[in-house]
Amino acid sequence: MTNKEISHLLRNVAVAYLLKDENKYRFQIIAYQKAADAIDLSPREVKDLWKEGKLLTINAIGPKIAEYLEELLVKGKVSHFEKLMKDIPKTLFELLSVPGIGPKKAYKLVKILKINKEGTAIEKVKNAAEKNKISKIEGFGEKSQSDILINIQSFKKGQIKENRMVLPFAYEISKDIISYLKIIPEVIVAESLGSLRRMASTIGDIDIAVSTLNNNKVIEHFCNYPKKERLLEKGETTASFILTNGKQVDLMVQSPKSFGALLQHFTGSKQHNIALREYALKQKMSLSEYGIKINNNSLVSPKSLLNKQNYNSKTKIYEFENEKDFYNALKLQWIPPELREDKGEIEASAKNKLPNLVSIKDIKGDLHLHSNYNLEPSHDLGQNSMQEMLEKAENLNYQYIAVSEHSPSVGNHTKKEIIDILKRRKDYIEQINYSHEKNKKNTVKKIFNSMEVDILINGEISIPNEGIDQLDYYIVSIHSGFNMQKEEITKRILHGLENEKAKILGHPTGRLLGKREGYEADWLKIFNYCAKNNKAIEISAYPDRLDLPDYLVKEAINNNVKLVINTDSHDVNQMNMMFYGVSVGRRGWAKVSDIINTLSYNNFIEWIKK
DNA sequence: GCCGTTTTCGGCCCGACTGTTTTCAGTCG
């Protein structure tokens with residue numbers, strides 16, 4: 001049973017409680033929803049955690065739900081859940097995936113339309129709407145009937161939240177909307193927030209915040225965006241539409257005086273905001289996108305935390321122009337957006353112990369570059385010459401780079417041919433370095449002679465020992481045989497890293513966002529090996545990969561593993577993508593000292609030799 | 001049903017928008 005199936009079941013349990021007695025079961029409903037959220041966000045399979053006896057390590061899962069999950073995984077069902085859902089038609093749950101239909105409406109629809117046959121609910125509701133039957137039902141009307149039809153249509157087209165975007169795609173969309181918004185002078189500031197600001201690996205919808213003194217004007221302008229397909233809602237402070245490509249865009253506007261509170265609110269994550277508000281509540285403060293409210297009979301003297309000048313006596317809210325003051329008012333350090341996932345950042349911030357995160361300016365080199373030097377490789381060559389990549393590295397102010405084309409294909413070459421190719425390439429790189437060194441103004445001191453070497457199915461690497469002698473060091477990565485058992489693939493990776501010149505494990509999980517899951521490996525074992533033997537694990541900045549994933553970055557760091565952030569560029573423009581990889585590092589709580597390519601040129605040479 | 005700066009009991013985030021209503025319920029983020 002997958003995490004998705006389990007969380008779906010728990011959400012249905014929450015729905016069942018809600019339909020049974022919303023007030024009586026208020027907190028059970030929340031508990032089940034929180035548990036479902038936690039499972040959705042869990043990087044580990046619930047099934048595995050259960051086998052390891054670690055179900056309770058998931059926050060929001062306590063003894064009771066753990067017991068039910070155990071029953072579920074053993075018997076395939078839970079008698080308590082079955083009993084709870086006995087009176088609720090199963091068809092009801094099918095309707096919940098249609099936007100705008102929640103538990104109450106779904107219940108009415110299945111009851112009144114007598115929808116009993118599983119798998120037919122959405123189609124039956126659609127038919128009923130087309131025959132004008134829904135508008136007659138109490139609580140529904142003409143508008144909600146036509147809305148249901150539209151929403152069923154877009155649901156069928158696959159325009160659902162689960163279809164997430166990779167970062168550059170989301171960036172382009174948001175950039176376009178923001179520059180459109182800025183056409184009118186009423187827009188003082190426009191920023192993209194939500195998961196894009198937090199630099200999550202994939203983005204569901206685009207969230208935009210605007211600071212303005214004229215809400216109406218801004219919202220009107222936003223709603224006239226030319227690439228809008230249809231409007232979802234339009235109010236005094238928010239508006240939403242669907243783009244022609246099916247993606248949703250949400251806008252929130254706020255006066256400059258409270259813009260800091262809005263930034264905080266709209267950046268999320270949902271989990272971070274809930275945790276932050278609960279934290280504030282303990283100090284008798286209530287948070288919203290408008291600011292901070294002091295609750296009655298507060299034990300805390302407002303003066304100690306909040307600046308009187310920010311007090312709006314009309315709304316009784318303390319307002320914040322910037323986010324830092326907002327967090328500071330809660331006696332917290334400002335928390336970088338990448339950390340806002342309720343993964344311990346609030347606690348760390350309260351103790352002044354947030355990590356000093358690595359940033360793009362700390363990066364001194366890119367160690368995974370594919371030039372167009374033709375060594376008849378196993379996989380694709382790059383588009384640009386080594387010289388062009390060197391020039392780009394100068395522009396980026398790097399101190400060093402490494403070219404690391406794919407190793408020559410084993411199928412088409414003899415061992416001797418491979419060695420000859422690598423010898424010629426070594427001479428070539430030396431020549432470039434020689435002429436580059438002459439210009440003392442250059443910041444790049446050297447191109448390192450590296451290579452991306454395949455770890456073959458049997459764990460052997462794809463170049464012979466004499467070929468290795470031609471290299472400064474190399475990256476190993478897996479490009480085939482992804483469907484191996486966990487133990488096998490772990491062994492394969494460790495074997496691939498054995499040689500002392502194998503210094504980096506490239507795009508370690510092999511995932512391709514939205515296309516291919518990464519393979520399961522025993523990461524703890526790999527981390528321990530790497531920490532002990534001075535191997536670095538790559539964070540691929542390539543936006544379709546972002547691999548190592550952020551949660552494994554955090555685990556790697558906790559196990560003293562060094563990481564390296566590389567772009568895996570196949571042309572010079574891709575070298576600009578370093579930023580995405582740095583963000584993954586930041587989301588994994590990486591400091592400068594955790595990242596190898598923040599080392600100076602001399603220290604990096606020392607590291608290679610270790 | 002979960003969880004812990006003070007709490008193993010007594011709390012549980014906060015607000016916007018829409019449609020169907022005549023003041024609010026339902027849904028969403």
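Quick caveat: nothing in here was measured; it's all calculated off a predicted structure. Each chain gets a letter, A, B and so on, in the order the sequences are listed, and its residues count up from 1.
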Rounded to the nearest angstrom, tell me the gap between atom [atom1] in [X] and atom [atom2] in [N].
| X | N | atom1 | atom2 | answer |
| --- | --- | --- | --- | --- |
| A/Arg26 | B/dC14 | CZ | C1' | 13 Å |
| A/Lys20 | B/dG1 | NZ | P | 11 Å |
| A/Leu276 | B/dC13 | CG | P | 13 Å |
| A/Phe155 | B/dT27 | CZ | C1' | 17 Å |
| A/His265 | B/dG29 | NE2 | P | 12 Å |
| A/Asp21 | B/dG1 | CG | C1' | 16 Å |
| A/Asn151 | B/dT27 | CG | P | 13 Å |
| A/Lys24 | B/dG1 | NZ | P | 11 Å |

Any side-chain N or O of [X] less than 4.0 Å from the OP1 or OP2 oxygen of [N]?
| X | N | result |
| --- | --- | --- |
| A/Tyr107 | B/dT27 | no |
| A/Thr237 | B/dG15 | no |
| A/Ser286 | B/dC14 | yes |
| A/Tyr32 | B/dC2 | no |
| A/Asn59 | B/dC2 | no |

Distances under 3.5 Å between protein N/O atoms and the N/O atoms of nucleotides 23-26 of chain B, please, pair by pair.
{"from": "B/dG26", "atom 1": "OP2", "to": "A/Lys104", "atom 2": "NZ", "distance (Å)": "2.7"}

Nucleotide N/O to protein N/O under 3.5 Å, stretch nucleotides 9-12 of chain B:
{"from": "B/dC12", "atom 1": "O3'", "to": "A/Glu278", "atom 2": "OE2", "distance (Å)": "3.3"}

Return the polar atom pairs (N/O with N/O) between nucleotides 18-22 of chain B and the protein under 3.5 Å, or none.
{"from": "B/dT18", "atom 1": "OP1", "to": "A/Lys234", "atom 2": "N", "distance (Å)": "2.6"}
{"from": "B/dT18", "atom 1": "OP1", "to": "A/Lys234", "atom 2": "O", "distance (Å)": "2.8"}
{"from": "B/dT18", "atom 1": "OP2", "to": "A/Lys234", "atom 2": "O", "distance (Å)": "3.2"}
{"from": "B/dG19", "atom 1": "OP1", "to": "A/Lys143", "atom 2": "NZ", "distance (Å)": "2.7"}
{"from": "B/dT20", "atom 1": "OP1", "to": "A/Gly141", "atom 2": "N", "distance (Å)": "2.4"}
{"from": "B/dT20", "atom 1": "OP1", "to": "A/Gly141", "atom 2": "O", "distance (Å)": "3.3"}
{"from": "B/dT20", "atom 1": "OP1", "to": "A/Ser144", "atom 2": "N", "distance (Å)": "3.4"}
{"from": "B/dT20", "atom 1": "OP1", "to": "A/Ser144", "atom 2": "OG", "distance (Å)": "2.9"}

Atom [atom1] of residue position [X] - does it have more than 12 heavy atoms of other residues, nucleotides or ligands inside 6.0 Å?
| X | atom1 | result |
| --- | --- | --- |
| A/Asn224 | CG | yes |
| A/Glu5 | CD | yes |
| A/Lys90 | NZ | no |

When the [atom1] atoms of [N] and [M] are considered, how many whole Å apart are they?
| N | M | atom1 | result |
| --- | --- | --- | --- |
| B/dC14 | B/dC9 | C1' | 25 Å |
| B/dC13 | B/dC28 | C1' | 14 Å |
| B/dG26 | B/dT21 | C1' | 12 Å |
| B/dG29 | B/dT22 | C1' | 28 Å |
| B/dT23 | B/dT18 | C1' | 15 Å |
| B/dG11 | B/dA16 | C1' | 26 Å |
| B/dC12 | B/dT5 | P | 15 Å |
| B/dT7 | B/dC2 | C1' | 14 Å |

State plainly whether the residues [X] and [Y] are in salt-bridge range, i.e. N to O under 4.0 Å.
| X | Y | answer |
| --- | --- | --- |
| A/Lys54 | A/Glu52 | yes |
| A/Arg198 | A/Asp550 | no |
| A/Lys591 | A/Asp594 | yes |

Please work out if [X] contacts a base, only the sugar-phosphate, or nothing of the nucleic acid, heavy-atom cut-off 4.0 Å.
| X | result |
| --- | --- |
| A/Leu287 | sugar-phosphate |
| A/Lys351 | nothing |
| A/Glu236 | sugar-phosphate |
| A/Lys270 | nothing |

For the residue pair A/Tyr290 and A/His265, is the inter-centroid distance of their aromatic rings smaller than 6.0 Å?
-> no
Please report, to 0.1 Å, the donor-acceptor pairs under 3.5 Å made by any side chain of residues 18-29 of chain A, with sequence neighbours excluded.
{"from": "A/Asp21", "atom 1": "OD1", "to": "A/Asn23", "atom 2": "N", "distance (Å)": "3.2"}
{"from": "A/Asp21", "atom 1": "OD1", "to": "A/Lys24", "atom 2": "N", "distance (Å)": "3.1"}
{"from": "A/Glu22", "atom 1": "OE1", "to": "A/Lys104", "atom 2": "NZ", "distance (Å)": "2.8"}

Between the CD1 atom in A/Ile203 and the CZ atom in A/Phe169, the distance rounded to the nearest 0.5 Å is 12.0 Å
With A/His272 via ring-ring contact (aromatic ring centres under 6.0 Å, His included) - residues at least two apart | none
Nearest-nucleotide wise, let me know which of A/Ala239 and A/Tyr279 is further upstream toward the 5' end of DNA chain B.
-> A/Tyr279
Which pairs of donor and acceptor atoms, one on a side chain in residues 110-130 of chain A, lie under 3.5 Å apart (sequence neighbours left out)?
{"from": "A/Thr120", "atom 1": "OG1", "to": "A/Lys117", "atom 2": "O", "distance (Å)": "2.6"}
{"from": "A/Glu123", "atom 1": "OE1", "to": "A/Lys156", "atom 2": "NZ", "distance (Å)": "2.9"}
{"from": "A/Asn127", "atom 1": "ND2", "to": "A/Glu123", "atom 2": "O", "distance (Å)": "3.4"}

Pair A/Glu236-A/Asn215, side-chain donor/acceptor within less than 3.5 Å = no
For the residue pair A/Phe320 and A/Phe326, does the interplanar ring angle fall in the parallel (under 30°), tilted (30 to 60°) or perpendicular (over 60°) class?
-> perpendicular
If the plane angle is over 60° it's perpendicular, under 30° parallel, otherwise tilted; pick one for A/His80 and A/Tyr68.
-> parallel
Closest nucleotide among [options] to the [X] side chain:
| X | options | result |
| --- | --- | --- |
| A/Glu289 | B/dG1, B/dT6, B/dA16 | B/dA16 |
| A/Tyr290 | B/dA16, B/dC2, B/dT5 | B/dA16 |
| A/Asp250 | B/dG15, B/dT5, B/dG29 | B/dG29 |

Any strand is fair game: report the nucleotide pairing with B/dT8 by Watson-Crick or G-U wobble, both distances under 3.5 Å, or none.
-> none
